[in-house]
*Asks:* 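First, the structure itself, so that you have it in front of you.
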2 protein chains.
Amino acid sequence: MKALSQVGKYGLRALLYLVAYPPENQYLSIRQISDDLGLSFHFVTKIFRELTEKGILLSYRGPSGGIALAKPAEEIMLIDVIKVLEGEDFFDKCLLGLPHCGSAKPCPVHEFWKEVKSQLQENFSNTSLALLGEKIRTQEVRLDE
Amino acid sequence: MKALSQVGKYGLRALLYLVAYPPENQYLSIRQISDDLGLSFHFVTKIFRELTEKGILLSYRGPSGGIALAKPAEEIMLIDVIKVLEGEDFFDKCLLGLPHCGSAKPCPVHEFWKEVKSQLQENFSNTSLALLGEKIRTQEVRLDE
DNA sequence: CATATTTAAGAGTATTTAATCTTAATTAGA
DNA sequence: TCTAATTAAGATTAAATACTCTTAAATATG
């Protein structure tokens with residue numbers, strides 16, 4: 001199941017890299033992230049621009065410039081990132097693509113799909129980048145490969 | 001969340017149409033299904049060919065030809081259809097696209113995503129086309145729009 | 001002020017997915 | 001046997017997504 005686009009996958013991985021390995025009091029360069037994760041520098045740059053415009057990242061140009069979190073990682077929830085990268089309507093879509101599907105005109109799998117989306121949304125709403133960053137640092141989970 | 005491709009969405013809708021409104025002892029033409037659901041005849045034909053090759057449908061050419069279920073609708077589970085239309089690995093993919101993600105090398109959202117996929121897989125495994133067809137016939141749910 | 005380093009912006013290209021079109025094969029019925 | 005109705009097969013086109021490239025703007029440092 002391909003739930004996320006490449007933008008979503010790469011963006012989330014690159015962002016988590018920053019959260020897991022933040023430079024102290026300074027910016028982290030996109031080049032280091034993209035090289036370390038084996039992602040396209042230009043593609044990551046484009047994705048980060050979106051995150052910067054939407055207030056999740058700060059960016060700074062010039063030598064020793066780069067990007068940084070705009071807020072403490074404790075205050076950024078996974079759902080905020082997903083909604084920027086995949087669109088605000090990420091959790092609103094009918095599994096069969098029916099535009100008027102809803103409680104009034106449910107599609108054949110509406111009720112069940114609603115529950116799945118709700119579970120996802122709740123989890124993403126309660127998971128901070130800080131939590132995931134910590135799991136990465138302690139090597140409980142991995143960001144590469 | 002775009003869980004299914006157009007092939008999956010159209011294919012499932014078209015198949016459910018057949019299940020909900022089966023002609024007695026005969027084939028249903030693809031033209032009637034695609035016209036009624038407002039889908040491309042050629043696209044649906046291509047999708048049905050796949051379902052025929054994989055043993056979910058029977059097809060018959062010539063006048064009063066068309067397609068029919070290869071087995072009783074009670075014996076066809078949603079998961080069988082999804083796996084044909086979206087690939088056998090539909091439930092095996094890492095949310096972040098990491099090829100080696102698994103219990104040995106989990107990605108940051110592995111555990112949670114595993115549960116979501118498992119819930120989906122279980123539901124799809126326990127839902128027969130017959131059940132959904134009945135819901136459509138009784139207008140408890142809808143296939144159009 | 002010159003240069004190197006970095007992100008910003010957007011144009012351009014490639015790949016994948018979606019959809020359409022054309023022709024062939026099959027079959028029923030007049 | 002002819003014609004119309006139907007699916008099969010695959011070529012072709014269109015659109016969306018995924019990248020890549022080039023140039024501009026900002027800024028630190030010598």
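Any value given below was found using the heavy atoms of this structure, including those in side chains, with hydrogens, waters and symmetry copies removed. Order of the sequence lines fixes the chain letters, A, B, ..., with proteins taken first and strands second; residue numbering starts at 1 for each chain.
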*Asks:* Would a distance-only check, ignoring hydrogens and angles, find a side-chain to backbone donor-acceptor pair under 3.5 Å from Arg142(A) to Cys101(B)?
*Replies:*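 No, the answer is negative, given that no donor and acceptor are paired below the 3.5 Å cut-off.
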*Asks:* How close do Cys107(B) and Leu98(B) get, heavy atom to heavy atom, and via which atoms?
*Replies:* CB-CD1, 3.6 Å
*Asks:* For the pair made of CD in Glu53(A) and C1' in dG10(C), what is the distance, rounded to whole Å?
*Replies:*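 The answer, rounded to whole Å, is 12 Å.
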*Asks:* Rounded off to whole Å, could you give me the CD-to-C1' distance for the Gln6(B) and dA19(C) pair?
*Replies:* 10 Å
*Asks:* Pick the closest DNA chain C nucleotide for Ile67(A) and for Lys2(A) by heavy atoms, then say which residue is nearer the 5' end.
*Replies:*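 Result: Ile67(A).
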*Asks:* Determine all donor-acceptor pairs shorter than 3.5 Å in which one atom belongs to a side chain in residues 73-96 of chain A; sequence neighbours excluded.
*Replies:*
{"from": "Asp80(A)", "atom 1": "OD2", "to": "Met77(A)", "atom 2": "N", "distance (Å)": "2.9"}
{"from": "Glu86(A)", "atom 1": "OE2", "to": "Ser5(A)", "atom 2": "N", "distance (Å)": "2.9"}
{"from": "Glu86(A)", "atom 1": "OE2", "to": "Ser5(A)", "atom 2": "OG", "distance (Å)": "2.9"}
{"from": "Glu86(A)", "atom 1": "OE2", "to": "Gly8(A)", "atom 2": "N", "distance (Å)": "3.4"}

*Asks:* Who passes side-chain hydrogen bond (donor to acceptor under 3.5 Å, both in side chains) against Glu53(A), sequence neighbours left out?
*Replies:* none
*Asks:* Quick check: do Leu37(A) and Val44(A) have side-chain heavy atoms less than 4.5 Å from each other?
*Replies:* no
*Asks:* Could you tell me if the side chain of Ser125(A) sits less than 4.5 Å from the side chain of Glu122(A), heavy atoms only?
*Replies:* no
*Asks:* Give me the distances for all protein-to-nucleotides 20-23 of chain C N/O pairs that come in under 3.5 Å?
*Replies:*
{"from": "dT20(C)", "atom 1": "OP2", "to": "Ser40(B)", "atom 2": "OG", "distance (Å)": "3.1"}
{"from": "dT20(C)", "atom 1": "O4", "to": "Lys46(B)", "atom 2": "NZ", "distance (Å)": "3.1"}
{"from": "dC21(C)", "atom 1": "N4", "to": "His42(B)", "atom 2": "ND1", "distance (Å)": "3.4"}

*Asks:* What integer distance in Å separates Leu37(B):CG from dA19(C):C1'?
*Replies:*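 Nearest whole value for this atom pair: 17 Å.
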*Asks:* Begin from the C-alpha positions of Ile136(B) and Tyr21(B) and carry the test side chain to side chain contact (heavy atoms under 4.5 Å, CB included) through to its verdict.
*Replies:* CA-CA 9 Å; Ile136(B) 295 164; Tyr21(B) 313 114; 3.5 Å; yes
*Asks:* Can you give me the dot-bracket string for DNA chain C, 5' to 3', counting Watson-Crick and G-U wobble pairs with both distances under 3.5 Å, using [ ] for crossing pairs and | for partners on another strand?
*Replies:* ||||||||||||||||||||||||||||||
*Asks:* Quick test: give all pairs of protein nitrogen or oxygen and nucleotides 28-30 of chain C nitrogen or oxygen below 3.5 Å, distance rounded to 0.1 Å.
*Replies:*
{"from": "dA28(C)", "atom 1": "OP1", "to": "Tyr60(B)", "atom 2": "OH", "distance (Å)": "2.5"}

*Asks:* I want to check something: taking the side chain as every heavy atom from C-beta on, are Leu15(A) and Leu69(A) in contact at a cut-off of under 4.5 Å?
*Replies:* yes
*Asks:* Could you go through the side chain to side chain contact (heavy atoms under 4.5 Å, CB included) check for Glu50(B) and Val7(B) one step at a time?
*Replies:* CA-CA 10 Å; Glu50(B) 184 79 7; Val7(B) 167; over 6 Å; no
*Asks:* Would you say Leu28(A) ends up clustered with Tyr10(A) if hydrophobic residues are merged whenever their side chains have heavy atoms under 4.5 Å apart, either directly or through other cluster members?
*Replies:* yes
*Asks:* Give the intermediate values and the outcome of side chain to side chain contact (heavy atoms under 4.5 Å, CB included) for residues Phe41(A) and Ile33(A).
*Replies:* CA-CA 8 Å; Phe41(A) 165 74; Ile33(A) 300 174; over 6 Å; no
*Asks:* Any idea which heavy atoms bring Ala14(B) and Phe48(B) closest together, and the distance?
*Replies:* CB-CZ, 3.4 Å
*Asks:* Give a yes/no answer on whether the side chain of Tyr27(A) brings an N or O atom under 4.0 Å of OP1 or OP2 in dT7(C).
*Replies:*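 False: Tyr27(A) side-chain N/O out of range (4.0 Å or more) of dT7(C) OP1/OP2.
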*Asks:* Looking only at heavy atoms, which two atoms of Leu58(B) and Ala70(B) are closest? And how far apart?
*Replies:* CG-CA, 3.7 Å
*Asks:* Chain B on DNA chain D: first and last contacting nucleotide, 5' to 3', under 4.0 Å to a heavy atom?
*Replies:*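 Listed 5' to 3', the contact boundaries are dA4(D) to dA11(D).
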